[in-house]
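Below, each value reflects all heavy atoms present in this structure, side chains not excepted, and no hydrogens, waters or symmetry copies. If you're wondering where the values come from, they're calculated on a predicted model, not measured in any experiment.
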Protein chains: 2
Amino acid sequence: MKSSSRLSAVLHALMHMAAHRGPMTSEVLAQCMSTHPVVVRRTMSGLREAGLVTSTKGHNGGWSIACDMEKTTIRDIHEALGEPAVYAIANSNDAPQCLLEQAVNAALDDAMKEAEALLLARFQSLTLAQIAGDFTERLRQRHRHKDH
Amino acid sequence: MKSSSRLSAVLHALMHMAAHRGPMTSEVLAQCMSTHPVVVRRTMSGLREAGLVTSTKGHNGGWSIACDMEKTTIRDIHEALGEPAVYAIANSNDAPQCLLEQAVNAALDDAMKEAEALLLARFQSLTLAQIAGDFTERLRQRHRHKDH
DNA sequence: TTTCATGTAACTTTATCTATTACATGAAAT
DNA sequence: ATTTCATGTAATAGATAAAGTTACATGAAA
Ligand code: FES
Ligand code: FES
């Protein structure tokens with residue numbers, strides 16, 4: 001299976017952008033995420049269309065957050081990315097004639113839809129602000145360790 | 001994403017085998033599943049090692065079910081296949097230094113592990129016999145329709 | 001001993017995600 | 001105005017993983 005890491009990458013970028021005053025260039029974001037600037041633009045374009053970020057050209061240009069961190073959820077990001085497939089498991093035939101295969105698919109689909117619903121619900125209950133909060137918590141923990 | 005359809009394919013094959021007297025050859029199974037006999041052998045080998053099926057060579061050889069349909073669950077099959085990755089979503093970096101990325105990964109991992117646990121629990125509660133039962137139910141439904 | 005069927009390794013094909021190149025567009029600095 | 005910076009996007013190449021195919025070995029039944 002070849003899995004996508006867009007969601008993870010975009011969230012990381014957003015955290016960066018939130019912690020940064022002023023726009024960040026694709027170049028800088030790409031370096032942090034060890035990827036290519038064009039990949040950043042490409043991935044980010046969905047968020048721009050959804051109005052979650054803005055991009056400006058020219059000097060002092062780059063990417064900025066344009067959404068409320070308290071209200072924007074991971075699910076919003078996931079949707080802005082085009083709701084890529086969640087599962088690496090699929091039916092071998094989506095519209096089988098064979099009743100045996102239909103029974104198999106129904107059983108799998110049932111379980112997978114339920115799990116996907118749970119995942120999306122969890123995504124929906126997680127805001128960008130919460131992740132940012134977790135970050136500052138981790139920062140505190142690290143400093144506490146250093147002090148001892 | 002390129003998703004795997006092994007689980008679906010294997011379950012279909014098992015249903016076939018359950019509904020069939022005597023061993024079925026990889027060739028026949030492959031035709032039903034519109035794939036290649038070698039793919040069948042390769043995929044099935046995990047189930048054989050787990051003792052869920054047996055294979056015999058030579059004349060009248062082929063694959064037979066060797067497990068209790070009432071007790072064997074989809075999760076057993078999934079494990080016999082080597083527990084392939086469930087998700088098409090992954091972290092872009094599994095052991096990041098960056099605390100921001102750690103916070104992002106923790107949030108995603110959390111949600112995904114919970115959903116995966118639910119999925120595996122559902123898999124565990126679904127036996128081969130239940131799927132076979134669903135099949136006969138579908139068969140009845142179809143015949144009922146024909147009668148009207 | 002011939003035929004059938006699995007067992008497995010090696011290789012090819014196909015699909016998809018990521019990376020890169022190339023060039024166009026537009027905004028700020030000079 | 002012109003240069004510089006940065007995005008926007010299409011087109012192409014590379015990397016990875018699943019599925020398909022070929023080839024040959026093993027072993028059992030006819
Ligand atoms: S790499 Fe994540 S904070 Fe810079
Ligand atoms: S294709 Fe033969 S029963 Fe499924």
Output side-chain donor-acceptor pairs under 3.5 Å for residues 28-42 of chain B, partner residues at least two apart or in another chain, one line each.
| residue | atom | partner | partner atom | Å |
| --- | --- | --- | --- | --- |
| B:His36 | ND1 | B:Val38 | N | 3.2 |
| B:Arg41 | NE | B:Ser26 | OG | 3.4 |

Grab the [atom1]-[atom2] distance between [X] and [N] for me, whole Å please.
X	N	atom1	atom2	value
B:Glu27	D:dT21	CD	P	12 Å
A:Leu29	D:dA6	CG	P	12 Å
B:Trp63	C:dA5	CH2	P	14 Å
A:Tyr87	C:dT16	OH	P	20 Å

Nearest 0.5 angstrom please: B:Leu139 CG to A:Leu99 CG, how far? 6.0 Å

If you measure from CG on A:Leu7 to CE on B:Met112, what distance do you get to the nearest 0.5 Å? 8.5 Å

Counterpart residues, side-chain contact (heavy atoms from CB on, under 4.5 Å), relative to A:Ala106 (two or more places apart): B:Asp134, B:Arg138

Please name all residues satisfying ring-ring contact (aromatic ring centres under 6.0 Å, His included) with A:His78, sequence neighbours left out, ordered by chain then number. none

Sequence-aligned protein contact record of nucleotides 20-30 of chain C, with B where the base is within under 4.0 Å of a protein heavy atom and S where only the sugar-phosphate is: BB---BBBBS-

Test item: B:Pro84 and B:Arg6 side chains (from C-beta on) under 4.5 Å apart, heavy atoms: yes

What I'd like to find out is whether the side chain of A:Ile89 reaches to under 4.5 Å of the side chain of B:Ser8, using heavy atoms alone. no

When both distances are under 3.5 Å in a Watson-Crick or G-U wobble arrangement, the nucleotide paired with C:dT8 is D:dA23

Could you let me know what D:dA28 is paired to, Watson-Crick or G-U wobble, both distances under 3.5 Å, or none if it's on its own? C:dT3

Carboxylate-amine/guanidinium proximity below 4.0 Å for A:Arg122 and B:Asp110: yes

May I have the list of side-chain donor-acceptor pairs in residues 48-57 of chain A shorter than 3.5 Å, sequence neighbours left out?
| residue | atom | partner | partner atom | Å |
| --- | --- | --- | --- | --- |
| A:Thr56 | OG1 | A:Gly62 | N | 3.4 |

Interface residues of residues 43-51 of chain B with DNA chain C (non-hydrogen, below 4.0 angstrom): B:Arg48

Looking at A:Ser55, I'd like to know whether one of its side-chain N or O atoms comes within less than 4.0 Å of OP1 or OP2 on D:dA6. no

Below 4.0 angstrom from OP1 or OP2 of C:dT6, is there any side-chain N or O of B:Ser26? yes

